[in-house]
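Please read these numbers as outputs of a predicted model, since none were measured by experiment. To find a chain, count down the sequence lines: A is the first, B the second, and so on, and within it residues start at 1.
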Amino acid sequence: MLQSLESTIISEVAAHVHIRYGITLPVVVEQPKQSNFGEIALPIAFQLAKELKRAPKAIATELVAELPALPGVLSLEVAGSGYINMRLDRAYYGTETLMGGHKAATQPGKIIVEHTNINPNKAAHIGHLRNAILGDTFVRMLRAAGNNVEVQNYIDNTGVQVADVVVGFHYLEKKSTAEVRTFAAAPRFDYLCWDLYARTSSYYGDHKEALVELRAQTLHSIEAGEGELAELATVVADAIVACHLKTMLRLGIVYDVLPRESEILHLEFWAQAFELLKERKAIEFENEGKNKGCWVMRAEAFASSDDEDMDKVIVRSNGTVTYVGKDIAYQMWKFGLLGKDFFYKLWYTYPDGKQLFASSDIPTGEIHQFGAGTKVFNVIDSRQSYLQDVVVAGLRALDFGKQADNSIHFSYEMVALSPRTCVALNITLSEEDQKKPYVEVSGRKGLGVKADDLIDKLIENAQREVNSRHPDVDSAARTKAATAIAIGALRYFMLKYTRNSVIAFDFQEALSFEGETGPYVLYATVRARKILKKLDAELPDFKAVLSRESFAKQLADEELWQYTLAATRADLAIEKALAAGEPSHMARFAFQLAQSFNNFYHGYQVISEQDEEKRIFLIWLTDLFRSQLERSLDILGIEMPEFM
RNA sequence: GGGCGCGUAGCUCAGCUGGAUAGAGCACCGGCCUUCUAAGCCGGUGGUCGCAGGUUCGAGUCCUGCCGCGCCUACCA
């Protein structure tokens, strides 16, 4: 409601300023610091003061006198040194909100969001959770704003990390493919690989020469997709992907398609991109120097430096392709620039019936419309910005400037471990690490908190609380509620930080259910629902019983007016969070909305209100809060428990 | 050395494209459960927004320099 009102005001004021002063300005509106200043503030006079070289206050006074009547706006006044404060017509505002129902317009084009992208060689950890939750929430925000979004989870099933686990199974543990297959079928195969990967990495440290050679050989056969090692890699990667999908499904995170690196290679996406890159001289072959025998991209293409040391190897001297190389081909496909497409096979059917497809190199006859987006968001942590720059430079070097501009690295800072959490996990820190404010999670070292362990711990926590509060409810229902609360806590925790803030993960903070947390928002929503549920049968048809006059009467109360305003800010919040690219803003809004409702809840007795007209209004307001809270939670991907 | 990011209350963090008296949560102190769920509410303590300059009507926000911290700067991703 507030959003549509504001956009009308913005365009009307802009038009007036243009006619009156011949100046085109981006009109901005603000929320006044104090509620008694009115509902909407215009700092336009300050902007105009620069252009007109006149005092802001004089301009503001002039504008107040001359601005045409604006719908829903009752009065204008000059305040401070040149603010124009607007007071809204409360009865109009209430009635419009009641009639409501304007929907986000469908946006043109297709947005591709790539997130999760966990190497399929070990269990997911808390860093991966941040990626997936951030990506998933951003997707929900985009969709809420009417965008057509496709979610891709890229599977690097032919990379070095998978090769390392294959080396571990085959050479270090001497396991046959059949044996590994048995492990893979057992629960928690991702945990088994977590340990094996850490062990293999530490063997590398001790026996560099021999094992580096084994790694290279293994990688070669995996890339070629032939031989026993390649088969072993498939067994490992497929089973781990299944584990990751399961973990993410616990958080309500699903995907549309899994493009896999093996198909990038086997369907010669890379070969095609490679030819193009060579043809356009985007990459060069090195005949000497430290990169002798490699195909490299010059540093000047993606960095401000032309230092040769910065050149990025795209094809290694042994002929294998780096991740970046394959990613350039993948990025081209995302924009539909490759002139090639994958084949697809059904990979998994979600409990709700949604189908997930994976790329395949075998023709299936099925046609799917994946890829070919107009805008691409790559949710990847900030440590990889260098690689992302190389990929974008690749597009640019191939003359795909527009696509390069629409390739957005949706970056975020890492999740590290707080010193206290390291102690709790019995992690012995090097002297160097002890001095740091936090310790980086490392899959190679096996250092970190596994996603499923954290989720289990959160559920356990919530379960204890639910059990003590509702001993009479049957245990299945209690577990269901505890799970929803735990997941809500986790999603909120990962979202409340802005993207470029490092999260020093701390168990005590993550396990907290009080204050600015997911459970706080859920609690407020459960309370609102409870009131409405108690009234159930006597719930009025608001449109029939709430007149313009009753709105005028009830909203004359300053407090109720402020609550009504607070409850109608959701569209504005979505719009702003999207413009800032900050899911954390959305989380914060949900928290503030919950805070507002909790205040209302404590200040007003809805059910026992004696004045019937006021009672109906209070019920309506409760329902308004409820619907907006539920909507916000839905965008945050947080599911409601039946009770708390 | 170069690139990116960060530095705001005891702790963890917000502060949208510069705007009115710098905000939350946690912790701490004091109140509120026979009233729609106390995972809650109310009140209080707590700040030279790293430092120094600059830009302007106005700077936590923009610019420059310095200090401190982190990440990246692989033929790993």
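- Using a 4.0 Å heavy-atom cutoff across all strands shown, A:Y601 reaches at least one base atom of the nucleic acid.
- Residue side chain A:S317 reaches the base of B:C75 through a donor-acceptor N/O pair under 3.5 Å, judged by distance alone.
- Look at B:C66: its glycosidic torsion is beyond 90° from 0, and that puts it in the anti range.
- Listed here is the closest heavy atom pair of A:F37 and A:P32: CB-CB, 3.7 Å.
- Here A:D156 lies in heavy-atom contact (under 4.0 Å) with sugar-phosphate atoms only.
- One interatomic measurement links the two molecules: CD1 of A:I607 to P of B:U37, which rounds to 7 Å at whole-angstrom precision.
- Counting any heavy atom pair closer than 4.0 Å across all strands shown, A:E440 reaches sugar-phosphate atoms only and no base atom.
- Proximity of A:R383 to the phosphate of B:A77: no side-chain N or O atom is located under 4.0 Å from OP1 or OP2.
- Within 4.0 Å (heavy atoms only), A:Y520 reaches sugar-phosphate atoms of the nucleic acid but no base atom.
- Under 4.0 angstrom from either OP1 or OP2 of B:U17 there lies no side-chain N or O belonging to A:K576.
- Of the charged side-chain nitrogens involved, at least one lies within less than 4.0 Å of a carboxylate oxygen, so that A:R383 and A:E440 count as a salt-bridged pair.
- For the pair A:N500 and B:C4, the criterion of a side-chain N or O lying under 4.0 Å from OP1 or OP2 is not met.
- Between A:F505 and A:Y438, the ring centre distance reaches or exceeds 6.0 Å.
- Among the heavy atoms of the strands, none lies under 4.0 Å from A:K533.
- Counting heavy-atom neighbours within 6.0 Å of A:K480 NZ, excluding the residue itself, gives a total of 12 or less.
- Ion pair A:R588/A:E516 flagged as a salt bridge, since at least one NZ, NE, NH1 or NH2 atom sits closer than 4.0 Å to an Asp/Glu carboxylate oxygen.
- Rounded to the nearest Å, the gap between the C1' atom of B:A9 and that of B:G5 is 23 Å.
- Within residues 501-509 of chain A, the residues approaching RNA chain B are A:S501, A:V502, A:E509, by heavy-atom distance under 4.0 Å.
- The distance between atom CD of A:E582 and atom P of B:G15, rounded to the nearest whole Å, is 7 Å.
- Nucleotides B:C11 and B:C66 place their C1' atoms 28 Å apart, quoted to the nearest Å.
- The pairing partner recorded for B:C57 is B:G19, the criterion being a Watson-Crick or G-U wobble arrangement whose two distances lie under 3.5 angstrom.
- A:N117 comes within contact range of no nucleotide atom at all, as no heavy-atom separation falls under 4.0 Å.
- Counting any heavy atom pair closer than 4.0 Å across all strands shown, A:N461 reaches no nucleic acid atom.
- Stacking here means ring centres nearer than 5.5 Å and ring planes tilted less than 30 degrees, and by that measure A:F37 stacks onto B:A20.
- A distance of about 15 Å separates the P atoms of B:G50 and B:C13, rounded to the whole Å.
- Around the CD atom of A:E77, the shell of radius 6.0 Å holds more than 12 heavy atoms that belong to other residues, nucleotides or ligands.
- Distances from the side chain of A:Y523 to the nucleotides B:C36, B:A38, B:A77 place B:A38 closest.
- Residue contacts for A:F46: at a heavy-atom cut-off of 4.0 Å it reaches a base atom on one of the strands shown.
- Nucleotides B:C51 and B:G7 are separated by 13 Å at their P atoms, to the nearest Å.
- At a threshold of 4.0 Å, the pair A:E286-A:R298 counts as salt-bridged, since one of the basic side-chain nitrogens sits closer than that to a carboxylate oxygen.
- In this entry B:G40 has B:C32 as its Watson-Crick or G-U wobble partner, both defining distances falling under 3.5 Å.
- When A:E261, A:Q152, A:R260 are each tested for a side-chain hydrogen bond (donor to acceptor under 3.5 Å, both in side chains) with A:Y330, only one passes: A:Q152.
- Within 4.0 Å (heavy atoms only), A:A41 reaches at least one base atom of the nucleic acid.
- When the side-chain nitrogen and oxygen atoms of A:Q595 are compared with OP1 and OP2 of B:G25, one or more of them lie within a distance under 4.0 Å.
- Here A:E413 does not pair with A:R130 in a salt bridge; the nearest charged N to carboxylate O distance is not below 4.0 Å.
- Side-chain atoms of A:R588 and base atoms of B:A24 include no donor and acceptor less than 3.5 Å apart.
- Between A:E642 and A:R478 there is no salt bridge, since no side-chain nitrogen of the basic residue lies less than 4.0 Å from a carboxylate oxygen of the acidic one.
- Rounded to whole Å, the P atom of B:C69 lies 33 Å from the corresponding atom of B:A24.
- Neither OP1 nor OP2 of B:U35 sits under 4.0 Å from any side-chain N or O of A:H602.
- Between B:G40 and A:N598, no contact under 4.0 Å exists linking OP1 or OP2 to a side-chain N or O.
- Spacing of P atoms, B:G70 relative to B:G23, comes out at 32 Å, to the nearest Å.
- B:U17 and B:A59: their C1' atoms are spaced 15 Å apart (whole Å).
- For the segment residues 408-421 of chain A, residues with any heavy atom less than 4.0 angstrom from an atom of RNA chain B are, sorted by number, A:M414.
- Within 4.0 Å (heavy atoms only), A:V315 reaches no atom of the nucleic acid at all.
- Taking atom C1' in both B:G60 and B:U21, the straight-line distance is 15 Å, to the nearest Å.
- Look at A:R529 and you won't find any side-chain N or O under 4.0 angstrom from OP1 or OP2 of B:C36.
- The side-chain tip of A:R499 does not point at the ring of A:Y412 from less than 6.0 angstrom away and within 45° of straight on.
- Salt-bridge formation is not detected for the pair A:D536/A:K533: no Lys NZ or Arg NE/NH1/NH2 atom is positioned less than 4.0 Å from an Asp or Glu carboxylate oxygen.
- Across the strands present, B:G7 finds its partner in B:C67; the criterion is a Watson-Crick or G-U wobble pair with both atom distances under 3.5 angstrom.
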